Amino acid sequence: METSVATELRLGLPGRDRSEAKIISVSNKRSSSEMDDSCDPQQESVVPAQKAQVVGWPPVRSYRKNILQKKAESSSDGSAMFVKVSMDGAPYLRKIDLKFYTNYLDLLKALQSMFKCTIGVYSEREGYDGSEFAPTYEDKDGDWMLVGDVPWEMFVTSCKRMRIMKGSEARGLGCL
Amino acid sequence: MCLFQFQSVMNYFPEEVLEHVFDFLTSHRDRNTVSLVCKSWYSVERFSREKVFIGNCYAVNPERLIARFPRLRSLTLKGKPHFADFNLVPDGWGGHVYPWIEAMAKSGINLEELKLKRMVVSDESLELLAKSFPNFKSLVLVSCEGFTTVGLAAIASNCRFLRELDLQENEVDDLKGKWLSCFPESCTSLVSLNFACLKGEVNVVALERLVARCPNLRSLRLNHTVPLEVLQKILVRAPQLSDLGTGSFTHDPDSETFIKLKNAMKNCHSIRSLSGFLDVNGRCLPAIYPICISLTSLNLSYAPGIFSNELIKLICHCKKIERLWILDTIGDKGLGVVANTCKELQELRVFPSDLYGVGNTAVTEEGLVAISAGCPKLNSILYFCQQMTNAALITVAKNCPNFIRFRLCTLDPIVPDAVTNQPLDEGFGAIVQSCKRLTRLSVSGLLTDQVFLYIGMYAEQLEMLSIAFAGDSDKGMLYVLNGCKKLKKLEIRDSPFGNMALLSDMGKYETMRSLWMSSCEVTLGGCKTLAEKMPWLNVEIINEHEAGEGEGEASCDDRHRVEKMYLYRTLVGPRKDAPDFVWTL
């Protein structure tokens, strides 16, 4: 999707020198009239490239900001652990930070919320049998594994990317 | 009988009768009004007033306060301008409470309650406060800074009849002191204790014992270091609590401790207000379902660890909620559930959860419309959203004509209508036209002068207006200044309003508490003109550039734009505690 100059938003006041303008890069959600009407109206497809570098915006007290920062940093040994997540049938991928979660349950709930799908309950014997979707991941060896088989910490360090498969396709994995 | 005749009749009554009548006047506005009627009413009123509210600590000084209200028992003071909350005011600006406490102590004021907002509170102030007022009962600090746990220890140790210690969102240096243990065994009078904003550990044994010996304790808000096991023990000791702020709410949901907690919760029939969950494991949330049905106030806005699904499940139990503060992780779908469930909802605040780019999705205009359609009693909203449309705002305006406070913050400050790409002028215009009782408004998104034309025309009751990155020209600000007769506080940032607007009606500022303008087009010359003509205003310029930086000369040029200006009416002239970077013109 191209960002034309017209939709590039600047924060400079009229008359101010362009070089002084603070630039935000934002996703041009629905700003293009050629946008396909059949797209999901939620428009989560274009994730904002970066948050605006404006002092004091959004207007949130430091106290509150610190709490969110703490949460964003917690359960991480410093760096984040972003992995791509694709879902069969969805036109676009998402990226999530595995270090943001502390267990499989939280991760799956987040995925269900993000992709608006039902993943169901994991069982060692049946995998995610019976659910519409099953979460899988590619590990360091390049193999596609079912999410939930290995301890959480092992999963976080070995997961390269994830794919939410249609339940029918995933049945093969679950039976192993 | 008209007021004049009535007043003459009233003057035949002894002062005690007048005083007794005035006792029924609780609002400070009413009291201010009656004191203007005549000299004798002024006199009776001032000797009988016990509660004083000062919205700007620099509008008067301690001496005048004490001289006029010698029977003062309860004082509310506000210090820094509102935008200080968002880092727009440099450290050291001012708002010190010490001189007030010192003056009241010296004059023998029998202070019992002190409520401070956005003020600098030093440990010395707290120590002086604790030692000077033997009947001191209630300390409420909101968004303050400058003190440590040492100051809190002084309060705990010395205030023998302390009923309330309420710390809300303060920046406290937690020196890991034993402040909580400083409450003596003889302290049994606590009704309200809120230390949620403290970062350090407290002595949990001391906490449990304190709770056990204070039978009137109604409100308790813990910080995140208090583990669930301790919460469980506290609830067993204090089932009479009506307001609870949990600390950490994470534990193995299969453990015995957790089961004990569930049972303890079931026994707390009086809890109407719930907050906290600063650390939370979603699987522990079902423990609170039994109390959800009676809740009228729920604040989950400090709990980014609760996911959308869990939030929704929880909310389904909260049918009597009147006040709800949540994060935007609830999503539009979740807001739909709120709309279907919470028919008593009056105040909603939806805060942004993703300030650090983790990738959470936010809420949109859909959620707001759903709420407006489902919650007939809604009158106050603060809504941080990804996007907005005029159509949605127009619908909201139709659904909810009763808004008293309407604050909308688009995460991108100049985002246009998400569907039409137009400015959001019409949407906000509909809000002000429909909501005749609106007293507070914050606008955001792409906005032209037109929105201000609407605000000036329709927002007759508006007292506080917040503007950011909006408008095209001086006309915008003029519409507001000319139209909003009841305007008390106006704060503007990054908008193209200049001297013409600033100087058009200088007398207006004497009818207002304050005006803030930053990154606008007003110049030093304009501010100087205003300061010269209006002796009852303090016009302060905040100039953060060092004098030697070469900016020095340029910034003294009258044509130079002023970075930050804060002006306010005052009875006591320029303040003496202004730091170097604040120039009072």
Side-chain angles (χ1 to χ4, degrees), chain A residues 7 9-16 22 24 26-33 41-44 47-52 54-75 80 82 94-97 99-103 105-106 109-110 112-114 116, chain B residues 83 85-88 143 169-171 197 278-279 281-283 301-305 307-310 327 329 331-333 351-359 361 364 366 384 386-387 409-416 418-419 421 442 444 446 466 468-469 472-473 493-496 519-521:
Chain A
T7 54
L9 297 170
R10 288 167 178 265
L11 285 183
L13 299 175
R16 277 234 166 116
K22 297 169 225 162
I24 330 170
V26 289
S27 60
N28 50 340
K29 292 170 184 256
R30 305 190 216 209
S31 53
S32 162
S33 53
Q42 281 303 314
Q43 271 302 320
E44 284 155 25
V47 177
Q50 72 200 70
K51 291 295 173 185
V54 180
V55 173
W57 198 272
V60 169
R61 280 186 188 160
S62 326
Y63 176 77
R64 201 172 277 289
K65 275 199 218 164
N66 291 341
I67 289 184
L68 294 175
Q69 180 161 32
K70 216 175 69 117
K71 176 64 188 182
E73 284 171 1
S74 74
S75 75
F82 280 100
R94 299 301 306 268
K95 234 187 187 168
I96 56 170
D97 174 10
K99 295 246 169 128
F100 190 68
Y101 310 98
T102 49
N103 56 60
L105 222 61
D106 289 346
K109 282 191 171 170
Q112 290 178 106
S113 183
M114 208 181 252
K116 315 245 183 291
Chain B
F83 277 174
D85 275 348
F86 318 127
N87 297 345
L88 290 182
S143 206
E169 298 194 343
N170 301 290
E171 296 290 333
C197 65
L278 307 166
D279 256 316
N281 177 346
R283 292 169 62 213
S301 67
Y302 303 126
F307 290 98
S308 167
N309 301 10
E310 292 155 352
L327 291 171
T329 43
D332 288 329
K333 178 167 149 225
F351 292 96
S353 62
D354 188 7
L355 298 173
Y356 295 97
V358 179
T361 55
T364 71
E366 279 184 33
F384 285 83
Q386 187 88 52
Q387 64 187 54
C409 288
T410 53
L411 295 176
D412 170 355
I414 49 174
V415 71
V419 170
N421 229 27
S442 298
S444 61
L446 186 65
S466 307
F469 305 97
D472 311 307
S473 74
R493 62 167 291 186
D494 295 274
S495 302
S519 304
C520 297
E521 300 283 326

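All chains are named by letter (A, B, ...) in the order of the sequence lines, taking the proteins before the strands, and each is independently numbered beginning at 1. Side chains are part of it too, since the values below use all heavy atoms of this structure and drop only hydrogens, waters and symmetry mates. The structure presented is a predicted model; accordingly, all values stated were derived computationally and were not measured.
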Check: Among all residues two or more places apart in sequence or in another chain, which pass the side-chain hydrogen bond (donor to acceptor under 3.5 Å, both in side chains) test with B/D85?
Finding: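 Here the qualifying residues are A/R61, B/R118, B/S143.
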Checklist line | Partner set under side-chain hydrogen bond (donor to acceptor under 3.5 Å, both in side chains) for B/K333, not counting sequence neighbours | finding: none
Next item on the list: Sort out for me which of B/C409, B/S308, B/S301, B/G331 touches chain A most, counting heavy-atom pairs under 4.5 Å.
Entry: B/S301
[X] versus chain A, heavy atoms under 4.5 Å apart: side chain, backbone, both or neither?
X	result
B/E169	both
B/F83	neither
B/Y302	both
B/S473	neither

Note to self: Quick check: closest heavy atoms across B/A468 and B/S495, and the distance to 0.1 Å?
What the structure shows: C-OG, 4.0 Å
Notebook entry, point to check: Hey, is the main chain of B/T410 close enough, under 3.5 Å, to the side chain of B/S444 for a donor-acceptor pair?
Noted result: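 Yes; judged by distance alone, with no hydrogens or angles, the pair exists.
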Checklist line | Pairwise side-chain contact, B/F384 with A/V60, heavy-atom cut-off 4.5 Å (strictly under) | finding: yes
